[in-house]
2 protein chains.
Amino acid sequence: MNNTAEKKTDNKITKARKGNLQQILSAAEDIFAKNGYKGTTVSSIANAVGLPKANVLYYFKSKEKLYQEVMNQLLSLWMQHMNEITADSHPKDALPKYIKNKIKQSQNHPNASRIFAAEVLHGAHFLRTSLQQELKDQFQQTCQVFQAWIDKKWIDPIHPEHLLFMLWSSTQAYADHGLQISILMDKEELTETDFEHGITAVTQVILKGCGVKT
Amino acid sequence: MNNTAEKKTDNKITKARKGNLQQILSAAEDIFAKNGYKGTTVSSIANAVGLPKANVLYYFKSKEKLYQEVMNQLLSLWMQHMNEITADSHPKDALPKYIKNKIKQSQNHPNASRIFAAEVLHGAHFLRTSLQQELKDQFQQTCQVFQAWIDKKWIDPIHPEHLLFMLWSSTQAYADHGLQISILMDKEELTETDFEHGITAVTQVILKGCGVKT
DNA sequence: GTCTATATGTCGATAGAC
DNA sequence: GTCTATCGACATATAGAC
């Protein structure tokens with residue numbers, strides 16, 4: 001968000017800058033998601049927005065900085081649905097809502113999930129700090145909610161951590177394994193209906209599997 | 001003495017070759033799994049087995065060929081548990097067994113799962129053919145078994161494809177997201193007990209969630 | 001078969017004209 | 001701020017001595 005010397009709220013230059021900045025970030029997001037960090041070249045990003053690569057490296061000092069910036073933009077998006085599972089919510093409402101939102105996000109914004117999945121696969125080099133802070137807080141908080149539900153006998157006793165892993169993996173699969181799924185189902189792309197069926201199936205199994213009284 | 005062609009069952013040279021071949025493949029598996037295809041250098045593999053990189057490229061003509069070979073070795077391992085779900089098996093036996101085997105595989109052989117996860121994330125460039133053939137056959141066969149179970153009222157009506165995706169993602173997560181999980185659970189590595197708890201939780205939710213009579 | 005040295009190409013990053 | 005030209009590092013792959 002900041003650069004060499006950006007202090008005043010001047011907006012003649014800022015407008016052009018912001019336009020380019022956002023275009024670059026958007027293209028970078030797509031290409032990083034598709035090819036991974038090492039598999040992405042700065043010039044391919046530059047080509048995608050019709051600029052010479054020196055220009056891209058002028059805005060963001062390095063490839064690594066650009067990558068970090070992309071991840072920062074995506075992190076909040078990636079985590080936003082978890083805090084809908086609150087202590088006072090009831091599993092029969094909160095769980096279906098979470099599953100639906102998370103799968104819809106896999107449908108509409110697969111880049112976030114894919115970039116983080118690749119990060120995690122390869123050691124979370126650039127993401128470790130965030131994982132250890134924001135995400136861990138959210139994680140522990142959500143586990144406590146699950147434990148509270150168990151204590152109130154709203155759901156069966158299930159190891160809260162593993163229940164949450166199950167929720168994550170089975171909803172994120174629609175982004176991370178989307179290509180695999182579409183190949184196996186013999187179609188170019190998953191349709192709206194496929195995602196709806198996914199939501200139905202996951203919700204059905206999780207709700208009944210947790211013993212939620214409906 | 002001999003040349004590139006290898007026809008006879010001579011085993012003075014063959015033994016050395018096989019030893020090196022297997023060592024290289026094994027090291028390549030680890031490094032590809034950790035760093036991805038683009039993130040892996042031939043010389044890092046060569047270093048891991050104490051050979052000059054020219055030697056590695058002598059055995060396998062190119063980095064890409066070596067990668068393909070590694071994937072071929074892992075493919076059967078990756079798929080081997082799916083054909084335990086057969087038409088005459090009962091879900092109350094077959095599902096727990098599958099879940100247990102798949103999570104144990106994530107524990108003992110995470111490389112296979114990780115390499116394929118990265119492949120799939122980045123477009124399955126090298127894996128497309130296999131996905132479209134062997135894996136798709138297995139996939140469709142297993143879906144038919146699920147449908148048969150539904151028809152016999154052994155499990156609730158659930159879209160078979162999505163049930164299978166759920167099984168895959170929630171068991172593979174223990175390899176693909178293993179690092180993330182261990183960070184969130186505040187430990188260097190997942191313990192035997194963690195995997196046991198994972199097996200318990202997933203089995204419990206899936207069995208009850210599918211309405212399997214026990 | 002094995003290893004050293006090198007050819008060839010690509011990428012990230014910078015220098016410097018405009 | 002923007003672009004062209006180029007540098008330097010490193011990666012794959014090969015040539016050729018042993």
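Since the structure is predicted, the reported quantities are computational estimates derived from the model, not experimental observations. Per chain, numbering begins at 1; letters A, B, ... match sequence-line order.
When rounded to the nearest whole Å, the span between CD1 of A:I45 and C1' of C:dA13 equals 14 Å. For A:K63 and C:dG12, the NZ to P distance is 4 Å, given to the nearest whole Å. Counting to the nearest Å, the P atom of C:dG12 and the OH atom of A:Y67 are 14 Å from each other. Per the geometry, CG belonging to B:N47 stands 14 Å off P belonging to D:dC10, to the nearest Å. Counting to the nearest Å, the P atom of C:dC11 and the CG atom of A:N35 are 12 Å from each other. Atoms CG (B:L57) and C1' (C:dC3) sit 13 Å apart, rounded to a whole Å. Nucleotide C:dC11 holds its C1' atom 11 Å from the OH atom of A:Y37, rounded to whole Å. To the nearest angstrom, P of D:dC10 lies 11 Å from NZ of A:K38.
Of all nucleotides listed (C:dC3, C:dG1, D:dT12), D:dT12 comes nearest to the side chain of B:V42. Of the candidate nucleotides C:dA13, D:dT14, C:dT2, D:dT14 has the atom nearest to the side chain of B:A54. With C:dA13, D:dA13, C:dC3 as the choices, the nucleotide that has an atom nearest any side-chain atom of B:L51 turns out to be C:dC3. The side chain of B:P52 lies closest to C:dC3, out of D:dT4, D:dT14, C:dC3. Side-chain proximity of B:K53 to C:dG12, D:dT12, C:dG1: nearest is D:dT12. With D:dT14, D:dA11, C:dT2 as the choices, the nucleotide that has an atom nearest any side-chain atom of B:T41 turns out to be D:dA11.
In this structure, A:Y58 reaches the D:dG1 phosphate: one of its side-chain N or O atoms is under 4.0 Å from OP1 or OP2.
At a threshold of 4.0 Å, the pair B:K104-B:E192 counts as salt-bridged, since one of the basic side-chain nitrogens sits closer than that to a carboxylate oxygen.
Under the 4.5 Å side-chain criterion, counting only non-hydrogen atoms from C-beta, B:F146 is not in contact with B:H159.
Minimum interatomic distance between A:F195 and A:I103 (heavy atoms only, all atoms of both residues): CD2-CG2, 4.0 Å.
Cation-pi geometry between A:K63 and A:Y37 is satisfied (NZ or CZ under 6.0 Å from the ring centre, within 45° of the ring normal).
Among the heavy atoms of the strands, none lies under 4.0 Å from B:S44.
A:Q141 CD to A:I85 CD1: the interatomic distance, rounded to the nearest 0.5 Å, is 11.0 Å.
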